[in-house]
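Since this is a predicted model, take the numbers as computed values, not measurements.
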Amino acid sequence: MLREGILPTTVTFNTMIHMCGNNGRMEEVASLMRKMEGLQCHPDTRTYNILISLHAKHDNIEMAATYFKIMKDASLEPDAVTYRTLLYAFSIRNMVSEAEKLILEMDKKDLQIDEFTQSALTRMYLEAGMVEMSWSWFQRFHLAGKMSSECYSANIDAYGERGHISEAERAFNCCSEGKRLTVLEFNVMIKAYGISKKYNEACYLFDSMEKHGLSPDKCSYSSLIQMLAGADLPLKAASYVREMKEAGLVDDCIPYCAVISSFVKVGQLEMAVSLFDEMIVFGIKPDVVVYGVLINAFADMGSVKDATKYLVEMRNSGLEANAVIYTSLIKLYTKVGYLREAQETYKMLQSFEEGLDVYSSNCMIDLYSERSMVKQAEEIFEHLKKKGNANEFSYAMMLCMYRRNGMFKEAIQNARKMKELGLLTDLLSYNNVLGLCASDGRYKEALATYKEMLSSAIQPDDSTFKSLGIVLLKCGVPKEAISKLESMRKKDPQSGVQEWTSALSSVIGVLDTDSPDSKDA
DNA sequence: TTAGGGTTAG
């Protein structure tokens with residue numbers, strides 16, 4: 001583009017810088033700047049505006065601010081575009097003092113802030129915890145009277161998203177005084193009520209749209225249905241789905257799916273199924289997600305028959321099961337103890353990119369360990385470890401399997417590895433490890449584990465003290481003394497736990513070895 | 001710059 005013999009003008013450079021920058025070729029932008037300098041071709045205000053906006057877009061705010069300074073040093077007058085670009089960039093990064101400095105300059109030059117930047121200011125002040133300040137800016141714009149629906153909505157949304165519901169309401173009311181409301185303001189206000197868990201208000205506002213001569217659009221319905229479903233109010237949500245259907249605004253199964261999954265969540269599976277049936281009657285095609293919801297629901301119930309029914313139905317309608325569905329099936333087969341089916345499903349999962357995750361692998365370990373199929377369980381466990389995916393569940397299940405099969409050495413190694421990797425975090429895991437230590441005669445290790453448990457603020461339970469009681473008993477503490485410790489703990493858990501700790505410390509603290517028959521202690 | 005559905009165990 002830069003041909004020899006023809007001197008490119010500033011305008012040409014501006015165009016090229018703009019093009020390169022928009023394509024992300026920032027090195028070329030820098031090289032063009034150097035060429036400009038070499039040719040003594042002077043950048044103008046527009047050149048700097050482009051540079052500031054490009055660097056802001058590429059998240060290099062320092063460079064954007066630097067060009068602003070260079071521009072002024074070159075005695076070029078920043079214009080409304082310059083200020084708007086930089087002020088917006090500062091606002092969305094919550095750079096309050098930098099933004100305020102610019103605003104001051106703009107006021108001096110009598111330059112107006114555009115409404116898009118204004119809503120960014122509202123957000124910035126809210127993020128900074130300066131609610132009053134944000135409100136005074138909102139008012140300044142509101143009183144100037146040139147706000148659009150988009151701007152009012154952006155402000156209502158800014159307040160609503162952060163739970164400032166009364167400011168959102170005030171902004172909404174300001175809007176209704178100044179101009180005719182549109183669906184947009186209603187939608188963000190409904191969303192605001194949802195975020196503040198004011199579901200009745202949301203419904204009431206939605207229902208009042210008609211009185212304002214407005215019809216709710218797809219977004220109004222979707223957000224209301226979504227919020228009600230998420231708030232465990234599926235019955236209410238269902239009535240709006242029906243209304244939405246009546247209005248001809250349902251074109252996929254997503255709103256139905258939200259409500260169906262809400263019914264499942266609150267345990268009303270029959271309602272979920274009947275809404276699903278209703279959806280089919282209306283000719284809305286179910287997709288793999290909504291099938292997934294039902295299959296998972298029946299998997300949780302251990303109902304192979306129903307889960308399979310929906311799986312078959314899904315396949316018959318030409319949909320392929322995905323990794324999520326196979327994971328639900330593995331959960332189901334683990335629950336009911338169908339090893340062969342689980343193995344087959346696990347094999348199917350291998351063909352997926354996300355494929356074999358910890359969850360499904362742990363299900364397989366669970367199945368194998370219940371059957372004492374040590375080798376098979378180990379194989380999966382090794383695979384998990386190799387990929388760095390083995391988690392607390394994986395380790396705990398392996399530990400239990402080893403223990404059940406009398407493989408104490410392996411069990412202890414596992415327990416130690418768990419601690420080492422920081423995977424011992426849950427009460428159940430601690431209890432597993434303590435139970436193991438107690439039955440394997442590792443009293444010092446039991447005490448250390450118990451102390452670790454207390455210091456990581458895990459509340460011990462009855463099962464914890466059952467194992468510790470065995471430890472004390474094996475150390476020669478009489479049964480009566482142990483029962484006394486337990487009744488003390490039942491009466492006053494706090495001091496009871498302390499009594500247990502000192503009893504264990506005094507008995508075990510004097511031992512000089514742990515498990516005399518082991519050499520790896 | 002309005003909203004959006006599914007899997008996480010002992």
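- Look at A/R242 and A/E278 and you find a salt bridge, because one of the NZ, NE, NH1 or NH2 atoms lies within 4.0 Å of a carboxylate O, short of that distance.
- Straight-line distance from the CE atom of A/M301 to the C1' atom of B/dA9: 19 Å, rounded to whole Å.
- Among the nucleotides B/dA9, B/dG5, B/dG6, the one closest to any side-chain atom of A/N391 is B/dA9.
- A/S148 pairs by the side-chain contact (heavy atoms from CB on, under 4.5 Å) definition with A/E115, A/E150, A/C151, not counting sequence neighbours.
- Using a cut-off of 4.0 Å between Lys/Arg side-chain N and Asp/Glu carboxylate O, A/D440 and A/K409 are scored as not salt-bridged.
- If you check every strand for non-hydrogen atoms under 4.0 Å, A/C253 touches a base.
- Here the C1' atom of nucleotide B/dT1 and the CD atom of A/E161 are 10 Å apart, to the nearest Å.
- For B/dG5, the base has a donor-acceptor partner in the side chain of A/D287 [N/O atoms by modelled type, under 3.5 angstrom].
- Atom CG in A/N362 sits about 10 Å away from atom C1' in B/dT8, given to the nearest Å.
- Within residues 421-436 of chain A, the residues that place at least one heavy atom under 4.0 Å from DNA chain B are, in residue-number order, A/D426, A/L428, A/S429, A/N432.
- Rounded to whole Å, the distance from CZ on A/F298 to C1' on B/dT7 is 16 Å.
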Return a table of donor-acceptor pairs under 3.5 angstrom between the side chains of residues 373-389 of chain A and protein atoms on other chains or two or more places apart.
from	atom 1	to	atom 2	distance (Å)
A/E378	OE2	A/Y402	OH	2.5
A/E382	OE2	A/K385	NZ	3.4

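- In this structure, A/V324 reaches the bases: a heavy-atom distance under 4.0 Å links it to at least one base atom across the strands shown.
- Of the candidates B/dG5, B/dT2, B/dT8, the closest approach to any side-chain atom of A/N187 belongs to B/dT2.
- Atom CG of A/D300 is separated from atom P of B/dG6 by 14 Å (rounded to the nearest Å).
- In this structure, the nucleotide among B/dT2, B/dT7, B/dG5 sitting nearest to the side chain of A/C257 is B/dG5.
- Classified by interplanar angle (parallel below 30°, tilted 30° to 60°, perpendicular above 60°), the ring pair A/H142/A/F138 is parallel.
- Proximity of residues 219-244 of chain A to DNA chain B (heavy atom under 4.0 angstrom from any strand atom) is restricted to A/C219, A/S222, A/S223, A/Q226.
- Heavy atoms of A/V289 sit under 4.0 angstrom from at least one base atom.
- Stacking of A/F393 onto the six-membered ring of B/dA9 is present: less than 5.5 angstrom between centres, less than 30° between planes.
- Under the side-chain hydrogen bond (donor to acceptor under 3.5 Å, both in side chains) criterion, the residue pairs touching residues 174-189 of chain A are A/S149-A/K179, A/S149-A/T182, A/S149-A/E185, A/K179-A/E185, A/T182-A/E185, A/N187-A/D217, A/N187-A/S220, with sequence neighbours excluded.
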Let me check something: any side-chain donor-acceptor pairs from residues 254-269 of chain A under 3.5 Å, sequence neighbours excluded? List them with distances.
from	atom 1	to	atom 2	distance (Å)
A/S261	OG	A/A258	O	3.3
A/S262	OG	A/A229	O	2.9
A/K265	NZ	A/D232	OD1	2.8

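- The ring of A/Y359 does not lie on top of the base of B/dT7; it is either too far (5.5 Å or more) or too tilted (30° or more).
- Under 4.0 Å is where a charged nitrogen must lie from a carboxylate oxygen, and between A/D366 and A/K335 no such pair does.
- A/D366 contributes no side-chain N or O that forms a donor-acceptor pair with the base of B/dG10 under 3.5 Å.
- Nucleotide B/dG6 holds its P atom 20 Å from the CG atom of A/L311, rounded to whole Å.
- At whole-Å resolution of the value, CD1 in A/I113 and P in B/dT1 are 18 Å apart.
- A salt bridge links A/K417 with A/E420: at least one charged nitrogen is closer than 4.0 Å to a carboxylate oxygen.
- Counting any heavy atom pair closer than 4.0 Å across all strands shown, A/K331 reaches sugar-phosphate atoms only and no base atom.
- Remark: C1' of B/dA9 and CG of A/L367 are 12 Å apart, rounded to the nearest angstrom.
- Heavy atoms of A/A396 sit under 4.0 angstrom from at least one base atom.
- Here the side chains of A/N296 and A/V324 are not in contact, with every heavy-atom distance at 4.5 Å or above.
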